[in-house]
Amino acid sequence: MIEIKELVVKYKSSKGEVYAVDGLNLEIDSGLIFGLVGESGSGKTTLGLSLLRILPPTAIIESGNVLISGTDVTKLKESEMRKWRGKKISMVFQGAMNSLNPLMTVEEQVAEPLIIHENMDKDQALLRAKENLENVGLGENILKRYPHELSGGMKQRVVIAMAIIEHPSLLIADEPTTALDVVTQHRIMKLFRRLKDEFGVTIILISHDLPIVAEVADKVAIMYGGKMSEVGDAKEVVTQSKHPYTQGLIRSIPDPRSTKVIRGISGEPVSLMNPPKGCRFYDRCSQRRDLCKTYDYKPAILENRHLVYCNLFEERMA
Ligand SMILES: Nc1ncnc2c1ncn2[C@@H]1O[C@H](COP(=O)(O)OP(=O)(O)O)[C@@H](O)[C@H]1O
Ligand code: SF4
Ligand SMILES: [Mg+2]
């Protein structure tokens, strides 16, 4: 189980401080596919990188805790944290499929972490690479190929094979389907479901694309402006969304059977440089009230551990 408590992560820049994750609370049960969804710039990647503590040098975890199976990773020494990366927690980085080494064959790239991190001899590592590539649906014919000889979907599978080679119990996949065609997106989602079912990996699926995540996720958390908006059972959040931001996201999904004009969310994403004190969604919310200017981000807890961070539900707070 992962418990994120009051996490604050900021970037320092010449223009000021950006609070990319700002007082965020979240619980993620083991053995699930957990979708983390929100528009670009909402802090999803920063949250993912914080779990592995591989933030860029300009970022700091200012406060809060991240407990993974009871251990607070914000408190671990860097030498301890290094033992966790790859083995306990692993990540498929945003855009990683485009940064495969063009000079290495698929089998060499996948085997490399085993040779470097686990001092495995080359033949054994290549064998493990082959097994792992099979696990992500790639056969022997791929082993000696170079990245430029692969389709986008194949490259993404290679990257996933690399991420799971040390058998992590938690896999964070950041925008793993972006830039892939729709059919390939569905196939990659099926692969995540298989990894969860066959290997029991907990998967945090980060994406701006709610429908694709909802296809496989057990639970979803909708993030806006460095904070949570709504968390719950994936199907429930999609079919019975309560938060005005989630409702806006759902209205923005095109319906292939309809020619109706899509009503997206008007306005610009909130700036995280000087974010407003109250609800982050205030400027764009069609249901805002005056009291939302001082909203303090305690969620309303509905049935089924469905959490809604919005004043409209305050009266139902547990
Ligand atoms: N290296 C960085 N330096 C300064 N600001 C950054 C950096 N990386 C991200 N940010 C800012 O942090 C916020 C959250 O970014 P990010 O975590 O990448 O969001 P997402 O993954 O949801 O698109 C954005 O406002 C972004 O501009
Ligand atoms: S708290 Fe207010 S401004 Fe924020 S989403 Fe709810 S109704 Fe809209
Ligand atoms: Mg991102």
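Any value given below was found using the heavy atoms of this structure, including those in side chains, with hydrogens, waters and symmetry copies removed. Remember, it's 1-based here, ligands and their atoms both numbered in the order they're listed. Throughout, residue positions are numbered sequentially from 1 according to the sequence presented.
- Set against the non-hydrogen atoms of R288, the atoms of ligand 2 under 4.0 Å away are 3 (S).
- Transitive grouping of hydrophobic side chains (ILVMFWY, heavy atoms separated by less than 4.5 Å) brings I253 and L180 into a common cluster.
- A donor-acceptor pair shorter than 3.5 Å can be found between the side chains of E236 and N304.
- Side chains of D233 and D218 form no contact here, defined as non-hydrogen atoms less than 4.5 Å apart.
- For ligand 2, the atoms closer than 4.0 angstrom to any heavy atom of C285 are 3 (S), 5 (S), 7 (S), 8 (Fe).
- Near Y282, the atoms of ligand 2 lying under 4.0 angstrom from a non-hydrogen atom of the residue are 3 (S).
- Taking a 6.0 Å sphere around CG of N274, one finds it holds 12 or fewer heavy atoms contributed by other residues, nucleotides or ligands.
- Here H243 has side-chain heavy atoms under 4.0 Å from ligand 2, and that is the only part of it that gets that close.
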Could you pull out the N/O contacts under 3.5 angstrom between ligand 1 and the surrounding protein atoms?
residue: ligand 1; atom: 17 (O); partner: T46; partner atom: N; Å: 2.9
residue: ligand 1; atom: 17 (O); partner: T46; partner atom: OG1; Å: 2.5
residue: ligand 1; atom: 19 (O); partner: G43; partner atom: N; Å: 3.1
residue: ligand 1; atom: 21 (O); partner: T45; partner atom: N; Å: 2.9
residue: ligand 1; atom: 21 (O); partner: T45; partner atom: OG1; Å: 2.8
residue: ligand 1; atom: 22 (O); partner: S42; partner atom: N; Å: 3.1
residue: ligand 1; atom: 22 (O); partner: S42; partner atom: OG; Å: 3.4
residue: ligand 1; atom: 22 (O); partner: G43; partner atom: N; Å: 3.1
residue: ligand 1; atom: 22 (O); partner: K44; partner atom: N; Å: 3.0
residue: ligand 1; atom: 22 (O); partner: K44; partner atom: NZ; Å: 2.8
residue: ligand 1; atom: 23 (O); partner: G41; partner atom: N; Å: 2.7

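- Between R193 and E215 there is no salt bridge, since none of the side-chain N atoms of the basic residue sits less than 4.0 Å from a carboxylate O of the acidic one.
- A donor and an acceptor atom, one from each side chain of D72 and T74, are located under 3.5 Å apart.
- Between the side chains of H208 and E39, not a single donor N or O lies within less than 3.5 Å of an accepting N or O.
- Using modelled atom types, one finds no donor on one side chain facing an acceptor on the other under 3.5 Å when comparing E6 with N65.
- Around atom NZ of K190, no more than 12 heavy atoms belonging to other residues, nucleotides or ligands sit under 6.0 Å away.
- Close contacts between ligand 2 and N311 involve ligand atoms 1 (S), 6 (Fe) [criterion: under 4.0 Å to a heavy atom].
- The C292 neighbourhood of ligand 2 comprises atoms 1 (S), 2 (Fe), 3 (S), 7 (S), with distances under 4.0 Å to a heavy atom of that residue.
- Nearest protein heavy-atom contact of atom 4 (Fe) of ligand 2 is C279 SG, 2.3 Å.
- With Y224 as the aromatic partner, R280 does not meet the cation-pi criteria of under 6.0 angstrom to the ring centre and within 45 degrees of the ring axis.
- Both the backbone and the side chain of C310 come within contact range of ligand 2, each with a heavy atom under 4.0 Å.
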